[in-house]
Amino acid sequence: MRKILVPIKRVIDYAQKIRVDSSKGGVQLKNVKMSMNPFCEIAVEEAIQLKEKNKGAEVVAISVGPKQCTETIRTALAMGADRGIHIETKPDVRGDYIDLQPWAIANLLKGIVEKEDGVDLVLLGKQSIDSDCGQTGPLLAGLLNAPQATFAANIERDDDGSFTVERETDTGTETIKLNASGKPAIITCDLRLNTPRYPTMPNIMKAKKKPVETISLEDMVKDLGLDLDEVLTPKNEVVEVYEPPPRKEGETVGSVDELLSKLREKGLVA
Amino acid sequence: MNPTLNPIIRSFSASLAFPDSIEHSHEQRRLPVTQFTEDEEMVRHAARHWANEELRPFVREMDNEGKTRPEVIQGLFDHGFMGMEIPEEYGGSGMNFTSACLVVEELSRVDPSVSILVDIHNTLTNNAVRFWGSEELKEKWLPRLASEAVSSFALSEAGSGTDAFAMKTTATESADRSYYILNGEKLWISNSREAGVLLVFANANPSLKHKGITAFMVDANTEGVQVGKPEKKLGLRASSTCPVVFDNVKVDAADVLGELGLGYKYCINILNEGRIGIASQQIGIAKGCMDIAMPYLNERTQFGTKLADFQGMEHQYAQIATEIHAAEVMTYNTCRMKENGIPFVKEASMVKLYSSQVAERAASKCIEWLGGVGFTQDLLAEKFYRDCKVGSIYEGTSNIQLQTIAKRIKDEYR
């Protein structure tokens, strides 16, 4: 194996309380704790495990976002990635579907895959927890005309360079094989694929010395021969963002009989 | 200072002050003390994650059995928590003092018995070896300390606690000066049941009184080293606290840490900074208590009102949170003072004194707020209450801290 690319996204930390910022048509991002998208963490972990099984493989972490993305990239480096690429956006460009959307990211990634050369595999999280699109992986595969498998719960690499992937679907598990095709395999990772490691202290220190290439979004777009307006103009417009209605308080009942009579009253049982 | 003083005296300066080297840039943007570097945040995050995933499931069991699980100790080594400031070339994590304190705080938030093991190992043993060990001594001991050997700081005895210099353990030099024979009995030695290495203070020349005290690196497997039964304690029960007998223990002259007769200076100096680590532990304890009590207050209702919304309760937890914040800012400020070579002895005493007081108040209040269930073993609150008490005792009692602070204050005004 030569190169494994892992695009990672900096999102609101999963444990944070989300507040809608009605004036901006999105959620509040100011002074909110951010961290690596949990599914991206799983992708990084899988990449590291594959690297450990295949000596000589290089894991490259890529992130598109403001300058704080370097922290997210450093976490990937501390987990064991070899180098990072940071495509830096201006501070007011939002990654949570308001500005940057999967189409733009997939186009940027396609350009990077072609530029990098020798990419055997692109591992992505199945979706991000802010926009929950689940589209970047499949779009990238489409743009590259590359084999893809989504919602991976298990990945095996065969000696001939093909990948056997167990996919989790709503109706059960499906096993598919991505044949070695000269194109990188595109696999998106689901929850049960692995448990991401937390960096050990020595690895945190080693991460400081690993190279991170930073390039502005504008320069990257120009480099790849794309149109900046095209990339930055969202394909979908966010019409409204609102909080779900508050849960109505329940009723406590004193006995099973009372429960049954209430359920009958509400027409929920015969 | 006299520039011709021998290199060993000069090397203490490694942990003392060089005020002239501090830049006073008024234009430079200063960050809050509680704003840590990217690496330090990663350290805190990794320590918190490990503590919650790999340590938390065993806390109650270890406290009940009075024993730390070997897998937990192995986890500490595997994750690099045991060699925080040991340079990478000796197999350590190569990090700074603040990072070590952050690890201690995060571990304490889950189990102070485990954090004390990590704290003593890093801030007392490892740092003493780094500051005063010869290159040969460092090469011999640091890799072990970083990767597999838990250490103990063997100073106290039955007759010498606060009056450490009254120790009776002796070190008799051999005729050819190639080794020493240690005889004596140490008491209250933390980590000693698990220790592979002991940093032992013994008097090599009692006629010189405290100026004969010498520090020795001793392998726990050396013939004559006998670790006694652990004390049954109020708190920190999973941390072994045992008497250690030295019965004609032979120690190579090469294993003398630093210089003969300077052990008294080393132990004073290292304890001065070790107490910042204890402050971090106490802050972790206080936060650990709040982690249990606050969700409870936000959930439990009486008289149709959440406990957290009663004004009486609001006033109490606001006060405790304020004190924890003060302790935290003081402690990490002192870490930065040390890292920048600014004299910190007074501040280190202050943070240990204050943090242990805050932890005790927080632990006590949290049990009150939790009510009846806080008084049971269903929650870890009662364990924190028991664990925090030794904070005002070990590594320099609160009375000693007050003396240390007072001496400096009055000198400032003289």
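In what follows, every chain begins at residue 1, and chains take the letters A, B, ... in the order their sequences are listed.
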Reported CG-to-CE distance for the pair N96(B) and M205(A), which is rounded to 0.5 angstrom: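 So the gap between those two atoms works out to 8.0 Å.
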Rounded distance [0.5 Å steps], CE in M79(A) versus CE in M42(B):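 Answer rounded to 0.5 Å: 11.5 Å.
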Where D78(B) and T200(A) come nearest, the two heavy atoms and their spacing: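 Taking D78(B) first and T200(A) second, the nearest heavy atoms are O-CG2, 3.6 Å.
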A46(B) to P199(A) - nearest heavy-atom pair and separation: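 Residues A46(B) and P199(A), closest heavy atoms: CB-O, 3.4 Å.
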Exceeds 12 heavy-atom contacts within 6.0 angstrom, atom NZ of K53(A):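 Yes, because the 6.0 Å sphere around NZ of K53(A) holds more than 12 heavy atoms from other groups.
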E135(B), CD: over 12 other non-hydrogen atoms inside 6.0 angstrom: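 Yes, CD of E135(B) has more than 12 neighbouring heavy atoms, counting only those of other groups under 6.0 Å.
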Test item: [X] and [Y] side chains (from C-beta on) under 4.5 Å apart, heavy atoms:
X	Y	answer
E38(B)	T70(A)	yes
Y198(A)	H79(B)	yes
I204(A)	M95(B)	yes

Residue-level interface, residues 208-219 of chain A with chain B, non-hydrogen cut-off under 4.5 Å: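 Only K208(A), K209(A) of residues 208-219 of chain A have a heavy atom under 4.5 Å from chain B.
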